[in-house]
Amino acid sequence: MSKYLDDLNVPQREAVIHRDGPIMIIAGAGSGKTKVITTRIAHLMASGVDAFNILALTFTNKAAAEMKERIEKILGGTEARNLYIGTFHSVFARILRGEAPRLGYPSNFTIYDADDAKSVIKTVVKELNLDEKQYKPNIVLNRISLAKNALVGPEEYMNDGFLQQEDARSQRPEIGRIYRAYSNRCFKNGAMDFDDLLFKMHDLLTGFPECLSKYQHKFKYVMIDEYQDTNTVQYEIVKLLGAMHENVCVVGDDAQSIYSFRGATIENILQFQKDYDEIKVVKLEQNYRSTKNILNVANQVISFNKGQIEKKLFTENIEGEKIKLIRTMTDNDEGKIVADTIQELKLRNHFYNNDFAILYRTNAQSRSFEESLRRMGIVYKIYGGMSFYQRKEVKDFIAYMRLVVNPRDEEAIKRVINYPVRGIGKTTIDKLVLIANNNNSSVWDILTNAALHGFKSGTLECIDTFVTMIKMFQSELVKKNAYDLSVIIGKSTNIVKELFNDKTTEGLARYENVQELLNSIKEFTETPMNIEDGEVGDKSLGSYLQQIALLTDTEDNKENADAVKLMTIHAAKGLEFPVVFVGGLEETLFPSAMSINTREELEEERRLFYVAITRAKTKLHLTYANARYRFGQLQQNEPSRFLEEIDTAFLEKSYAGNASRNNAASSWGQSSAAERMRRGFGSTTNNAAPATKTIINIPLARPQTKEHVPTANFVASETADLQEGLRVEHQKFGFGKIEKLEGASHNPIATILFDINGEKKIMLNYAKLRILEN
DNA sequence: TGTCTGGATGTTTTT
DNA sequence: CATCCAGACA
């Protein structure tokens with residue numbers, strides 16, 4: 001046997017060698033799951049299975065890329081490129097691009113992201129004359145998404161007594177109608193949302209037997225990663241694809257199931273065993289990642305959940321250090337202590353930035369960590385949050401491309417028809433949409449025949465200019481590659497020039513973002529075609545759009561950059577780091593206030609905590625703050641209930657208030673000598689310039705304020721005591737004089753002339769002011 | 001038609 | 001506190 005098998009333990013090898021027939025691998029955290037899948041695929045190929053006949057589905061592009069890379073490493077050569085490895089969404093999008101016409105969609109169909117989808121919902125709610133307050137896009141989209149993930153179409157939704165009751169109870173009885181209208185609208189626009197990529201794939205396989213047969217023959221071996229996170233559609237599709245050869249291999253860990261809000265159900269693991277007569281089950285229980293201490297804590301935490309698949313995770317690694325549990329006064333202190341600790345570990349134990357990860361429950365928590373890291377000059381990178389492709393200027397530019405590729409894309413038209421300003425305003429747009437609806441045609445059709453629909457001559461002229469321009473782009477579509485065409489678009493629309501002329505900091509950032517977009521298109525155009533893109537592998541704009549629609553910049557990796565990584569726990573799944581900080585272990589935050597109403601919800605939060613803990617290899621720090629800013633207000637929180645579930649013998653508790661290097665100087669507390677020194681020397685008065693360039697997702701520029709360091713004994717004065725003419729101190733803007741007090745008593749507003757930052761209007765409910773004595 | 005602004009609203013988690 | 005949006009006005 002080949003030598004790659006030598007590195008495997010007994011159950012791992014068993015899983016790898018098993019060739020035909022269904023197999024389920026229950027893989028505990030850190031048990032070498034990825035290694036098993038990749039080795040298994042490599043082994044299949046080595047034993048004669050054609051790479052073209054292997055399908056591997058993952059949940060993130062990153063996981064897919066990593067797998068491909070590791071298989072290539074095992075096998076050498078380029079054969080691994082012929083594998084079908086990708087996320088559910090990207091693989092299905094690729095297949096649908098070829099098959100969409102069967103379903104009545106153009107093969108150039110647009111993929112709507114969540115923002116596009118919400119916008120369509122908003123339009124539809126308006127057109128149905130429903131209350132927009134009642135039917136908020138977010139809530140409605142969530143509901144529709146769950147329905148699609150459960151394979152419930154609009155008609156079925158409306159006929160389902162239970163769903164109807166639920167909607168009635170939540171005062172939203174019309175969601176079914178919205179769902180139907182939304183689906184129709186997307187169809188009309190030639191667009192699919194994320195969930196459609198799964199839903200329509202299922203339609204394709206069930207509605208067209210010849211299609212089903214084609215892909216069953218093609219994918220003789222099917223592998224699914226993170227099986228515990230599959231939802232109903234995904235489960236059904238896998239079942240369909242695997243039905244002919246039954247060579248289905250699923251890998252999962254019920255203890256790490258954290259996506260039930262997306263319709264995932266652990267039931268799929270149990271169901272899988274019932275779907276086939278004979279199924280092999282392998283359990284991977286040896287953990288190679290973490291110290292005994294870390295694993296003990298993880299095992300203890302998860303033991304509070306009922307109903308798990310039995311398994312006992314163990315490790316032969318060293319005992320390791322105790323887990324540090326750190327309490328701080330505020331979220332800002334939490335940020336400081338984490339940054340300080342990182343600095344200390346770097347100096348003392350020679351860690352690199354890369355060795356650290358800061359994990360949290362919600363994206364909003366990144367702020368305090370960012371600030372502290374930046375202040376200390378520690379390079380960091382935030383994963384998740386707003387993606388590059390979601391930025392307004394980037395989306396606007398992309399909308400032009402979308403429109404050129406798919407003129408039926410109404411959302412794209414609405415975005416660009418008056419950007420840059422060309423005299424086609426809201427009134428005209430509303431009219432266009434109305435006419436299109438009445439004539440049962442697309443907005444683009446109306447635009448191209450605008451003269452027939454009684455617009456004023458001035459408006460008509462504007463429309464004509466716009467249409468002519470878009471048509472010009474369209475005529476270039478086949479002749480030019482994605483990059484050349486996008487350059488033409490940038491020039492002809494004046495977008496690039498307009499942004500260039502905007503010399504504000506924000507404008508500059510926007511200009512740079514658009515340049516960055518053009519660079520990425522150039523890169524796409526120049527990268528040699530990958531066989532994996534088989535059916536769609538051209539360098540056209542359409543091909544490019546398809547690709548970026550499913551890209552999140554979580555995986556847009558410059559892996560080699562040495563940076564501390566910040567991300568949500570969800571985003572951290574599947575990753576590991578030598579040193580892990582888990583922040584915000586407070587009631588209402590973690591577990592989230594939204595998820596403490598049922599046992600199921602709470603157990604999912606606990607699994608999430610389990611995932612967080614098991615990311616750590618050698619050092620784990622848990623932190624929580626007595627109080628933190630939420631909704632602009634300081635909020636007190638109890639420590640997370642999960643902390644009580646950990647045996648204190650595993651913990652080393654500390655209170656940041658006593659830490660020698662970092663007196664818990666909260667924003668208004670006393671500052672320590674060390675801190676005053678740092679202010680005095682290290683940082684300059686403005687913007688505390690970092691020693692090293694900080695890596696962030698292309699900064700969204702903010703108007704510059706010269707940062708003010710609050711006086712040591714800053715204590716906010718009562719709002720009632722403030723008077724015009726008084727000298728005051730503001731935490732951020734510094735010293736100044738109250739010019740004017742105005743606004744209602746419940747929302748007073750002060751106009752203050754600051755010494756260094758000029759005149760500002762301050763809402764006193766939020767900002768704290770200190771009256772200066774004498 | 002475009003720009004300004006007060007008021008409402010928001011925080012789970014993601015492909 | 002930041003962002004988004006509807007209505008007011010230019």
Side-chain angles (χ1 to χ4, degrees), chain A residues 57-64 86-93 111-115 117-118 122 132-133 136-138 141-142 145 148-149 192-198 226 229-231 233-234 257-264 359-367 383-387 392 418-429 456 458-459 462 549-552 554-555 567-573 584 588-596 601 604-605 607-608 611-612 628-635 700 702 731-732 743-744 746-747 749 761-763 765-768:
Chain A
L57 296 174
T58 65
F59 276 81
T60 63
N61 293 307
K62 188 169 186 173
T87 63
F88 279 89
H89 295 266
S90 68
V91 167
F92 295 167
I111 297 174
Y112 278 169
D113 67 14
D115 286 334
K118 279 182 222 164
K122 235 170 127 178
E132 292 175 64
K133 295 267 177 319
K136 289 187 188 140
N138 246 327
L141 180 61
N142 251 325
S145 173
K148 282 186 188 167
N149 287 326
M192 296 193 199
D193 66 15
F194 285 150
D195 302 312
D196 283 332
L197 295 176
L198 309 177
E226 309 279 13
D229 287 328
T230 51
N231 53 36
V233 216
Q234 290 165 326
S257 161
I258 53 174
Y259 281 103
S260 72
F261 69 91
R262 203 163 77 182
L359 310 181
Y360 34 75
R361 179 68 240 264
T362 65
N363 281 305
Q365 284 167 261
S366 67
R367 204 220 61 217
Y383 291 81
M386 168 125 61
S387 139
K392 214 186 297 125
N418 203 31
Y419 170 79
V421 176
R422 56 170 70 85
I424 307 178
K426 201 175 167 307
T427 329
T428 311
I429 297 172
K456 276 187 262 167
T459 315
C462 297
L550 297 166
L551 222 59
T552 56
T554 311
E555 47 245 341
M567 65 185 92
T568 64
I569 300 166
H570 281 89
K573 195 166 76 150
T588 75
L589 189 61
F590 195 12
S592 156
M594 323 286 278
S595 310
I596 48 174
E601 286 174 347
E604 176 146 321
E605 293 286 303
R607 289 194 294 271
L608 194 55
V611 168
R628 73 173 56 234
Y629 278 96
R630 280 177 98 186
F631 298 108
Q633 221 114 31
L634 200 62
Q635 199 185 74
L700 284 176
R702 296 231 179 83
Q731 285 196 50
K732 224 193 270 170
H746 63 276
N747 185 24
I749 295 167
K761 287 202 170 186
I762 308 280
M763 293 171 83
N765 283 347
Y766 300 114
K768 298 284 173 256

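Below, read A as the first sequence line, B as the second, and so on, with proteins coming before strands; counting in each chain starts at 1.
Each of Asn142(A) and Ala364(A) lies near DNA chain B, and the nucleotide nearest Ala364(A) is the one positioned closer to the 5' end. In this structure, Gly425(A) and Leu608(A) both approach DNA chain B, and ranking their closest nucleotides by distance from the 5' end singles out Gly425(A).
Protein atom NZ of Lys148(A) is 20 Å distant from nucleotide atom P of dT14(B), rounded to whole Å. With rounding to whole Å, Arg262(A) atom CZ is found 17 Å from dT12(B) atom P. As a whole-Å value, the separation of Lys426(A) NZ from dG7(C) C1' is 11 Å. Distance CZ (Arg367(A)) to P (dT3(C)): 13 Å, rounded to an integer number of Å. The CG-P distance, from Asp229(A) to dT15(B), rounds to 12 Å in whole Å.
Using a 4.0 Å heavy-atom criterion, one finds that Asp195(A) contacts no nucleic acid atom at all. Using a 4.0 Å heavy-atom cutoff across all strands shown, Lys133(A) reaches sugar-phosphate atoms only and no base atom. Within 4.0 Å (heavy atoms only), Asn363(A) reaches sugar-phosphate atoms of the nucleic acid but no base atom. As judged by a 4.0 angstrom heavy-atom cut-off over every strand, Phe59(A) is placed among residues touching the sugar-phosphate backbone only. Residue contacts for Ser595(A): at a heavy-atom cut-off of 4.0 Å it reaches a base atom on one of the strands shown. Within 4.0 Å (heavy atoms only), Tyr259(A) reaches sugar-phosphate atoms of the nucleic acid but no base atom. If you check every strand for non-hydrogen atoms under 4.0 Å, Lys136(A) touches sugar and phosphate atoms only.
Each of dT11(B), dT14(B), dT12(B) was ranked by its minimum atom distance to the side chain of Asn138(A); first place goes to dT11(B). Here the nucleotide nearest the side chain of Asn418(A), chosen from dG10(B), dT15(B), dG2(B), is dG2(B). Of the candidates dC5(C), dT15(B), dT13(B), dC5(C) carries the atom nearest the Lys122(A) side chain, counting heavy atoms from C-beta on. With distances taken from any side-chain atom of Thr427(A) to the nucleotides dT12(B), dT15(B), dT1(B), the minimum falls on dT1(B). Distances were taken from every side-chain heavy atom of His570(A) (C-beta onward) to each of dT11(B), dT1(B), dT14(B); the shortest belongs to dT14(B). Side-chain proximity of Arg630(A) to dT1(B), dT14(B), dT11(B): nearest is dT11(B).
Between the side chain of Asn418(A) and the backbone N or O of Gly423(A) there is at least one donor-acceptor pair closer than 3.5 Å. One N or O on the side chain of Gln234(A) and one on the backbone of Asn231(A) form a donor-acceptor pair closer than 3.5 Å.
By the 5.5 Å and 30° criteria, Tyr629(A) is not stacked with the base of dC1(C).
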- Message: Between Leu550(A) and Phe194(A), is the side chain to side chain contact (heavy atoms under 4.5 Å, CB included) condition met? List the steps.
- Response: CA-CA 8 Å; Leu550(A) 297 166; Phe194(A) 285 150; 3.6 Å; yes
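Each of Ile258(A), Leu608(A), Thr362(A) was evaluated against Ile569(A); a single residue qualifies, Leu608(A), per the side-chain contact (heavy atoms from CB on, under 4.5 Å) test.
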